[in-house]
2 protein chains.
Amino acid sequence: MLFSKACTYAIRAAVLAAAKDPDGQRAFIPIRELADEVNVSFHFLTKILRKLTEANIMESFRGPNGGVGLIRPAREISVIDIVAAIDGLGLFEGCALGLPQCSDDSPCPLHDAWRKRREDLKNMLTRTKLADLVRNQTRKAVRR
Amino acid sequence: MLFSKACTYAIRAAVLAAAKDPDGQRAFIPIRELADEVNVSFHFLTKILRKLTEANIMESFRGPNGGVGLIRPAREISVIDIVAAIDGLGLFEGCALGLPQCSDDSPCPLHDAWRKRREDLKNMLTRTKLADLVRNQTRKAVRR
DNA sequence: CCGTTTTCGGACTCTTTTGTCGGGAATATG
DNA sequence: CATATTCCCGACAAAAGAGTCCGAAAACGG
């Protein structure tokens, strides 16, 4: 898989949060509600989303009417931000064959072909904002 | 990581085997020798390469002067063949967000952008033959 | 036939990822 | 202040990935 499961849950939950707070008016959405729609256990999603709050992507509030919400407007949050917070950026940095000393100077056999594509992939994920994902999502397709 | 560690070891070992048998004259190379150069334990590489023989990519021979070797010439073996044998092709088939019902009909938010890139990646790995990797490898860069 | 070499095959351990659970802290409402 | 709600946090369990190890089987050379 390209992303870890935790990362895909995080992206789906963030997209849902963005969709549920269209005007950026800071409505806090209970994690339980997001978990139901992402179809992952409440506790597990809680653990994952804590990383997003630690990374200053979301903020949270306890108690009745509490929940989580995006700190910045959805059009300012890139998919890569979430990937970086959950999986890290190792995918876009390393050699495809896992060779430590592979570099532009002494490239491994796949070096150039992979570098081009991983940069393109990273650019795509940087360009793509949560707002874009909200826009072209069908409600159905975000649920499992 | 794009590939599992086992998969990167398999690719590196296969490239080495191709390099050591340039004329396709079916020299059997001891796994121990490959393991030293790939810098992975002999036993672990043995386990991995068995999958390549099961997949009819390599053949093996026991006893003195035994070892493993590519069944077909290196120019006829694609990198994707090895990836398929070790990691499977799940990376190139699934939805980037892990949504089971995501399809061309009801695409998830990342569907089109990812499909384009994963197909390009798959094509690249299909076009790239072991012989290509042998050609532009520096000996140094295949070792760890 | 015997000993050596080398793959085969499975059992086993260690680590990471995935997932579950329960108690505590914060917040709102009455 | 009491209670209900909701996130925080750490302990734990299960599954998968990574890696080790050992005995058995095949092949060769004397």
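Per chain, numbering begins at 1; letters A, B, ... match sequence-line order. None of the values given here were measured: they were computed from a predicted structure. Values below: all heavy atoms of this structure, side chains included; hydrogens, waters and symmetry mates excluded.
- Environment of CG in A/Asp36: crowded, with over 12 heavy atoms of neighbouring residues, nucleotides or ligands closer than 6.0 Å.
- The side chain of A/Asn65 approaches C/dT29 more closely than any other nucleotide in the set D/dC7, D/dT5, C/dT29.
- Toward the 5′ end of DNA chain D lies the nearest nucleotide of A/Arg50, the other residue of the pair A/Arg50 and B/Phe44 mapping further downstream.
- The phosphate of D/dG19 has neither OP1 nor OP2 within less than 4.0 Å of any side-chain N or O from B/Ser41.
- Remark: P of C/dT6 and NE2 of B/His43 are 13 Å apart, rounded to the nearest angstrom.
- Closest approach to the B/Ser60 side chain among C/dA28, C/dC8, C/dC21 is made by C/dC8 (side chain taken as heavy atoms from C-beta onward).
- Judged by atom type and distance alone, B/Lys47 does not reach the base of C/dT7 through any side-chain donor-acceptor pair under 3.5 Å.
- Atom pair B/Glu54:CD and C/dC8:P shows a separation of 9 Å (rounding to whole Å applied).
- At whole-Å resolution of the value, CD1 in B/Ile86 and P in D/dG17 are 13 Å apart.
- Taking atom CD of A/Glu59 as the reference point, atom P of C/dT27 lies 13 Å away to the nearest angstrom.
- Across D/dC7, D/dG19, D/dA18, the shortest atom-to-atom separation from the side chain of B/Tyr9 is found for D/dG19.
- A/Asp87 has its CG atom 9 Å from the P atom of C/dT17, to the nearest Å.
- Contact annotation for B/Phe28: no contact, since no heavy-atom pair falls under 4.0 Å across all strands.
- A salt bridge links B/Arg115 to B/Asp112: at least one charged side-chain nitrogen sits closer than 4.0 Å to a carboxylate oxygen.
- One can place CG of A/Leu45 at 10 Å from P of D/dC7, the figure rounded to the nearest angstrom.
- The side-chain tip of B/Arg32 points at the ring of B/Phe42 from less than 6.0 angstrom away and within 45° of straight on.
- A/Ser78 places no side-chain N or O within 3.5 Å of a backbone atom of A/Asp81 that could act as its donor or acceptor partner.
- Taking atom NZ of residue A/Lys51 and atom P of nucleotide C/dG19, one finds them 13 Å apart after rounding to whole Å.
- A/Arg118 places a side-chain N or O within donor-acceptor distance of the main-chain N or O of A/Phe92, the cut-off being under 3.5 Å.
- Nucleic acid contact class of A/Ile31 (heavy atoms, under 4.0 Å, all strands): sugar-phosphate only.
- Not a single donor-acceptor pair, N or O on each side, falls under 3.5 Å between the base of D/dT6 and the side chain of A/Arg62.
- When the nucleotides D/dC28, C/dT27, D/dA18 are ranked by their closest atom to the side chain of B/Lys5, D/dA18 comes out on top.
- Nucleotide D/dC21 holds its P atom 12 Å from the CZ atom of B/Arg32, rounded to whole Å.
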